[in-house]
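Note that the coordinates shown come from a computational prediction; the quantities given were computed from them, not determined experimentally.
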Protein chains: 2
Amino acid sequence: MYTVKKLSELAGVSVRTLHYYDDIGLLKPSLVGENSYRYYDDASLLRLQQILFYREIGLELRGIKEILDDPDFDTVTALQLHRRTLQEKIERLQTLIQTVDTTIMHLIGEIDMSNKKTIFEGFSEEKQKQYEKEAVDHWGDNASQSIKLWHSYSDERKAQIMQEGGDIYVEIVANMGKGADSPEIRALLVRWHQHLRYFYEPTIEVLGGLGNMYHDHPDFNATFTRIHPDLPVFLKEAIAIYVDELETRWLERELGILEE
Amino acid sequence: MYTVKKLSELAGVSVRTLHYYDDIGLLKPSLVGENSYRYYDDASLLRLQQILFYREIGLELRGIKEILDDPDFDTVTALQLHRRTLQEKIERLQTLIQTVDTTIMHLIGEIDMSNKKTIFEGFSEEKQKQYEKEAVDHWGDNASQSIKLWHSYSDERKAQIMQEGGDIYVEIVANMGKGADSPEIRALLVRWHQHLRYFYEPTIEVLGGLGNMYHDHPDFNATFTRIHPDLPVFLKEAIAIYVDELETRWLERELGILEE
DNA sequence: ATAAACTATCACGCAGCGTCAGAGTCAAGA
DNA sequence: TCTTGACTCTGACGCTGCGTGATAGTTTAT
């Protein structure tokens with residue numbers, strides 16, 4: 001016979017947890033004294049350990065209750081289902097990281113670009129070194145490709161690239177009057193698309209997200225607004241059109257291949 | 001001027017969400033009528049879109065408030081930090097999936113093994129085919145390696161392997177009296193370790209988890225308890241000792257390499 | 001007998017809203 | 001002008017899995 005405290009120490013959980021499991025009917029004491037004290041036995045301990053096992057792999061308490069209470073429960077199928085949800089969570093988190101990465105890249109790369117100052121005036125040498133270090137420390141060598149790539153350029157090259165990027169936006173502003181679907185804008189967006197390769201491999205999904213980001217993200221919005229008040233909205237629309245065209249052509253190519 | 005409904009439709013959020021953001025001071029209406037209706041302007045819309053941007057990448061509302069309210073906020077550092085937490089979540093989920101995988105493998109492979117029946121008496125032919133199919137459907141071809149491996153064996157080979165595994169546990173029971181740290185048990189665990197390779201590559205981490213699983217997991221515990229009531233506890237201890245030894249030797253080898 | 005250690009039952013808090021409930025407000029048609 | 005119907009407001013509970021008191025009774029050790 002174990003009291004709540006004893007059992008909690010044996011299993012490494014809090015007393016409150018045992019109370020709670022009693023409340024929701026997940027683990028009832030084997031005996032309740034007339035002082036309403038809870039007493040548990042070895043069967044309780046085993047069941048508690050089973051509960052903790054399932055809890056550790058991320059199952060919800062209700063699901064655990066079902067599994068443990070129904071002896072005919074198909075555990076394998078349940079675990080396979082659970083595996084799927086875990087997978088989906090991972091995939092979602094990975095796309096989130098992608099987005100965060102491109103956001104960071106652009107924050108580092110394009111903030112204040114509109115002022116025709118280079119990035120180096122904004123960041124001191126130490127700051128820059130620090131970024132490199134953090135990139136390696138925190139990000140390992142997998143996902144920090146883009147930042148490494150950027151820092152692999154020489155200083156003059158960096159300056160040149162930044163200048164080039166700024167020019168593109170200035171030219172876009174000069175051609176805004178011709179419409180987001182004009183050939184001039186399209187040509188500029190092709191240059192913009194190419195330019196992104198200095199930083200990372202721009203997939204279609206990334207491009208689409210970028211348009212929205214330029215408009216919705218505070219820092220980008222501020223940056224582009226300084227170039228021209230209508231630029232964020234214009235870019236969002238123009239990029240959407242451009243991406244749409246890319247996707248269409250991609251589909252056609254796929255279909256073409258299939259026909260052969 | 002937008003009413004709550006209008007803004008909610010424009011931004012794709014619920015009215016309740018706007019109420020809530022007002023409550024916590026994240027997005028105040030630009031004007032409140034004397035009927036206490038909320039009215040928003042374009043600045044509100046922009047801010048809302050910024051909020052949604054950060055929300056999508058998984059930031060908490062409090063963090064978003066800080067970022068948006070403090071113009072000097074170091075967005076880059078905040079995002080880098082956030083990236084880290086996302087990474088950690090992914091890593092945690094991946095180990096969870098590992099555990100789930102080995103659990104499933106063992107559930108399929110070892111349930112009822114103690115009855116000296118082969119696995120095939122427990123599962124009908126259709127059931128077995130179904131498992132294969134589900135393995136491919138749900139798991140893709142990456143993580144189902146182990147199950148594929150298993151199903152790649154011929155039926156006689158399967159039966160032989162199962163028999164072999166069962167024998168190991170029976171022998172362990174016969175030697176339980178000599179202690180979990182006895183050379184006899186150690187030798188048997190080496191066989192057990194080798195035997196696992198029929199199913200998947202047993203890393204040190206997996207081995208450690210297995211010992212606990214044999215004890216804590218309901219189905220395994222039941223299975224091993226049927227062989228001998230003390231077997232789950234004994235296995236847990238013996239495997240812990242074995243794994244500990246493996247790790248020590250691994251460390252020594254690493255240190256030896258470093259010395260050269 | 002008295003103090004220390006345990007025990008019990010409420011009940012709020014958290015994160016981010018969803019979801020009624022009850023009541024007031026506004027715009028448009030008959 | 002009156003009546004709908006569409007909106008709006010402010011509470012307030014629910015969800016998940018407990019943590020963290022508060023207050024009060026019980027047991028154990030000295």
Distance in angstrom units between [X] [atom1] and [N] [atom2], rounded:
X	N	atom1	atom2	result
D23(B)	dC13(D)	CG	P	15 Å
Y20(B)	dA15(C)	OH	P	7 Å
R55(A)	dT16(D)	CZ	P	16 Å
K65(A)	dG17(D)	NZ	P	13 Å
I51(A)	dG17(D)	CD1	P	12 Å
E9(B)	dC7(D)	CD	P	8 Å
E34(B)	dC26(C)	CD	C1'	14 Å
M1(A)	dT27(D)	CE	P	16 Å

Discussion item. Is it true that Y169(B) and W192(B) share a donor-acceptor pair across their side chains at a distance under 3.5 Å?
Written reply: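 Yes - a donor-acceptor pair under 3.5 Å links their side chains.
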
Item to complete: Working to the nearest 0.5 Å, report the span between CD1 of I241(B) and CD of E237(B).
Response: 5.0 Å

Worksheet entry | Interatomic spacing from NZ in K28(A) to OG in S44(A) - rounded to 0.5 Å | 12.5 Å

Phosphate contact ([N] OP1 or OP2) by [X] side-chain N/O below 4.0 Å:
X	N	result
S14(B)	dG18(C)	yes
R16(A)	dG21(D)	no
T17(A)	dG17(D)	no

Fill in: Heavy-atom closest contact (A78(A) atom, I67(A) atom, distance)
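Scanning both residues, the minimum pair turns out to be CB-CD1, 4.4 Å.
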
Practice prompt. Compare every heavy atom of G25(A) with every heavy atom of K65(A), then report the nearest pair and how far apart it is.
Written response: NZ-O, 3.4 Å

Discussion item. Here's a test for you: under side-chain contact (heavy atoms from CB on, under 4.5 Å), which of L27(B), T17(B), L26(B), L10(B) qualifies with L48(B)?
Written reply: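 Among L27(B), T17(B), L26(B), L10(B), the one meeting side-chain contact (heavy atoms from CB on, under 4.5 Å) with L48(B) is L27(B).
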
Discussion item. Could you go through L81(A) and T85(A), starting from their C-alpha distance and side-chain angles, then the distance that decides it, and tell me whether this counts as side-chain contact (heavy atoms from CB on, under 4.5 Å)?
Written reply: CA-CA 7 Å; L81(A) 268 175; T85(A) 70; 5.8 Å; no

Name the pairs: protein N/O against N/O of nucleotides 1-4 of chain D, kept only if under 3.5 Å.
none

Discussion item. I'd like to know if R47(B) pairs up with D69(B) as an ion pair, taking the criterion as any Lys NZ or Arg NE/NH1/NH2 lying under 4.0 Å from an Asp or Glu carboxylate oxygen.
Written reply: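 The answer is yes: the pair qualifies as a salt bridge.
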
Discussion item. I'd like to know if K5(A) and E9(A) make a salt bridge, using a cut-off of under 4.0 Å between side-chain N and carboxylate O.
Written reply: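 Between E9(A) and K5(A) there is a salt bridge, with a charged N closer than 4.0 Å to a carboxylate O.
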
Could you go over nucleotides 22-24 of chain D and give all protein N or O partners under 3.5 Å, atom names and distances?
none

Fill in: CA sep, side-chain torsions, deciding dist, call: M1(A), K6(A), side-chain contact (heavy atoms from CB on, under 4.5 Å)
CA-CA 9 Å; M1(A) 285 301 177; K6(A) 295 263 183 63; over 6 Å; no

Discussion item. Run the side-chain contact (heavy atoms from CB on, under 4.5 Å) test on Y2(B) and L45(B) for me, step by step, so that the C-alpha distance in whole Å, both residues' side-chain angles and the decisive distance to 0.1 Å come before the verdict.
Written reply: CA-CA 9 Å; Y2(B) 310 112; L45(B) 175 57; 4.2 Å; yes

Discussion item. Classify L61(B) by what it touches in the nucleic acid, base, sugar-phosphate, or nothing, heavy-atom distance under 4.0 Å.
Written reply: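 If one applies the 4.0 Å heavy-atom cut-off, L61(B) turns out to touch the sugar-phosphate alone, with no base involved.
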
Report, one pair per line, the protein and nucleotides 8-10 of chain D atoms (nitrogen or oxygen only) whose separation is under 3.5 Å.
residue : atom : partner : partner atom : Å
dT8(D)  : OP1  : T3(B)   : OG1          : 3.1
dT8(D)  : OP1  : K5(B)   : N            : 3.1
dT8(D)  : O4'  : Y37(B)  : OH           : 3.3
dC9(D)  : OP1  : R38(B)  : N            : 2.9
dC9(D)  : OP1  : R38(B)  : NH1          : 3.0
dC9(D)  : OP2  : H19(B)  : NE2          : 2.7
dC9(D)  : O5'  : R38(B)  : NH1          : 3.4
dT10(D) : OP2  : R38(B)  : NH1          : 3.0
dT10(D) : OP2  : R38(B)  : NH2          : 2.7

Worksheet entry | Test log, rule side-chain contact (heavy atoms from CB on, under 4.5 Å), inputs E66(B) and F73(B) | CA-CA 8 Å; E66(B) 285 182 36; F73(B) 196 87; 3.7 Å; yes

